[in-house]
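One structure below.
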Amino acid sequence: MMHLLLPATLETLYMVSIATVFTLLFGLPLGIVLVITSKGHLLERPKLNAVLSYVVNMARSLPFIILMIFVIPFTRLIVGSSIGTNAAIVPLVIAAIPFYARVVESAIHEVDGGVIEAATAMGARPSAIIRQVLIPEALPSLVLGTTITIINLLGYSAMAGTIGGGGIGDLAIRYGYHRFNTEIMFATIVLLIVLVQLIQASGNLIASQILKNRRR
Amino acid sequence: MISIQNLTKVYQKGGQTVKALDGVSLEIEAGDRYGIIGLSGAGKSSLVRCINRLEEPTSGDLQIDGTDILRLEGAALRQARQGIGMIFQNFNLLSSKTIYENIAFPLRLQKLPEAQIRVRVNELLEKVELTDKTNVYPINLSGGQKQRVGIARALANHPKILLCDEATSALDPKTTKQILDLLKRINEELGVTLVVITHEMEVIKSLCNKVAILESGKVVESGETLQVFSNPASVETKHFIDTTSLPSRPSGAGHWLNLTFSKGSAKMPILSQIIRKHDIDINILAGTIETIQNEPLGRLLVEIDTTEATLKSVIAALEIQHVQTEVIA
Ligand SMILES: Nc1ncnc2c1ncn2[C@@H]1O[C@H](COP(=O)(O)OP(=O)(O)O)[C@@H](O)[C@H]1O
Ligand SMILES: [Mg+2]
């Protein structure tokens, strides 16, 4: 059984970690732009904000399984194939970016307006306020939001297995479902539960560690 | 130094317009501790926030040392802001940074060398007496300590002006006094011009050499604090000053007079002289002595049971001695 579980787990970890990196790369700036272009904020741009918000909502209303098929031409363009682990990462990232952007948006929105104002009054430019005020002040919420996003990606990655992405989900379907191998099925479920618990526990630990540090 | 001409600020809020400032003109001179007092909603915050353009005035003119602040944009505006410190009612410290880093924040914005930042921050920590809190986070500080960090941070770039928006309104009386003393010291030792927004008379009395009374977006009175206090010209100002609650006026009794003793008259036995001279009884109903800008200012509410004619000569005698009198009907 190990010779099946180990490579599947590695594939899942590969998909999820690469997808996480790209999701943060695009989702964090998008979330920040959603906040600072909103009314009364740092760089108020109502039209841009409305358009971005609309696009994000649209992307979020597609179920992952449909989005995955819908973006196949785009996947082919980027990866050169629509099948395989790398090909699965593309729809994962596309699905997670709008979700993560909203997570970032709500975390950054919670930053006290007075603190932003104080920085503005000191002559800070918007880029400095983003990097030195908004992100550090929202860091604990951002960490928790990122944790939820990674767990979401893990869930999506199981579905991505069906287009040849491999991983734990793929194993569960091929052995557990098609071959009625209950042992494998059971093992994959346990594995997924353990992974989710590990990710959540690490996220909680990091966030509380940051907060604890600030009470020093 | 700060010259404000005919400033207006209109807010649009859901189809409604609020005129927060309605033609405000003020001259604040270098070295002033200029108080702006008014009830909640009078437009005090709007006014002070126009000075560093946290708020855009709707119309009017605002110059600082001859620079037209309202024309500045981008880098020039940011540069001007670095010369204007600001402290807030809720302190607005960064919870993610230590006290040291909070004070270093405005210096880092200027990308100063690390050694220079360290020297300046330590200097400021000493000035506000918080050297023992260097590496602590704001959550562990009391309100007074937080405001002292706010003051240190605001002073980091050697500003000429310090804007204080209700800086002591969240503090208890004892801490308020400490912060007001610190602000006064900063004004006297560093020559920083203070613009002090408050709804508390006590703050004006103990800190400000000049005061403007703001009501519904208009300056109803302004001038030297002692002058305004001892001789209020407007009804609104009287409301602010008259914090002593008067006993209710019984009908049919004698004449009631409100007497205000200032500078020359506060320390002299004027009343007993008048009693002897006019052979009348004076009944003291209420009284206070306040200290405004280190000058005593006394107020007495008295009752005199006498004829109209005698009352007139009593009032004349009082006014010769520089006692402001007001007959209460
Ligand atoms: N951002 C805003 N939008 C709409 N109305 C505002 C805004 N800020 C202040 N006001 C209104 O302007 C008036 C003056 O407010 P403010 O300057 O905060 O007064 P103060 O500081 O004296 O309490 C109030 O009626 C307030 O409701
Ligand atoms: Mg206010």
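Numbers restart at 1 for each chain; the letters A, B, ... are given by sequence-line order, proteins then strands.
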message = Is B/Ile84 in contact with chain A via its backbone, its side chain, both, or neither, using a 4.5 Å heavy-atom distance?
response =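 Looking at B/Ile84, just its backbone touches chain A.
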ask   = At a heavy-atom separation under 4.5 Å, does B/Leu163 approach chain A through its side chain, its backbone, both, or neither?
value =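 For B/Leu163, neither part sits under 4.5 Å from chain A.
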ask   = What part of A/Ala121 lies closer than 4.5 angstrom to a heavy atom of chain B: side chain, backbone, both or neither?
value =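 Both backbone and side chain of A/Ala121 come within 4.5 Å of chain B.
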ask   = Around B/Tyr11, counting heavy atoms of other residues, nucleotides and ligands shown, do more than 12 lie under 6.0 Å from its OH?
value =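 For B/Tyr11, atom OH is crowded (more than 12 foreign heavy atoms under 6.0 Å).
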message = I need the residue from B/Gln110, B/Gln82, B/Gln79, B/Arg108 with the largest number of non-hydrogen atom pairs under 4.5 Å to chain A.
response =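 If we count pairs closer than 4.5 Å to chain A, B/Gln82 comes out on top.
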task = Measure the shortest side-chain to side-chain distance between A/Arg125 and B/Leu109 over non-hydrogen atoms and say whether it is less than 4.5 angstrom.
result =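 Side chain of A/Arg125 against side chain of B/Leu109, heavy atoms only: no contact under 4.5 Å found.
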ask   = Once you round to the nearest 0.5 Å, how far does CZ of B/Arg78 lie from OG1 of A/Thr120?
value =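 Going from CZ on B/Arg78 over to OG1 on A/Thr120, the span is 10.5 Å.
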inquiry  = Is it the case that the side chain of A/Glu137 and the backbone of B/Ser96 share a donor-acceptor pair, with hydrogens and angles ignored and the cut-off at 3.5 Å?
reply    =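 Checking the backbone N and O of B/Ser96 against the side chain of A/Glu137, a donor-acceptor pair under 3.5 Å is found.
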query = Side chain of B/Lys97, backbone of A/Gln132: donor and acceptor closer than 3.5 Å?
reply =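 It does hold such a pair.
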Does anything in [range] reach chain A? List residues with heavy atoms under 4.5 Å apart, or say none.
{"range": "residues 142-162 of chain B", "answer": "B/Arg153"}
{"range": "residues 127-140 of chain B", "answer": "B/Asn135, B/Val136, B/Tyr137, B/Ile139, B/Asn140"}
{"range": "residues 43-75 of chain B", "answer": "B/Arg49, B/Asn52, B/Leu54"}

ask   = Pairs in or reaching into residues 118-161 of chain A: which pass ring pair (Phe, Tyr, Trp, His ring centres under 6.0 Å), with residues at least two apart or in two chains?
value =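 Output for this query lists A/Phe64-A/Tyr156.
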ask   = Any idea which of A/Val133, A/Ile116, A/Asp112 has the most non-hydrogen atom pairs under 4.5 angstrom with chain B?
value =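 Looking at each of A/Val133, A/Ile116, A/Asp112 in turn, A/Val133 comes out on top.
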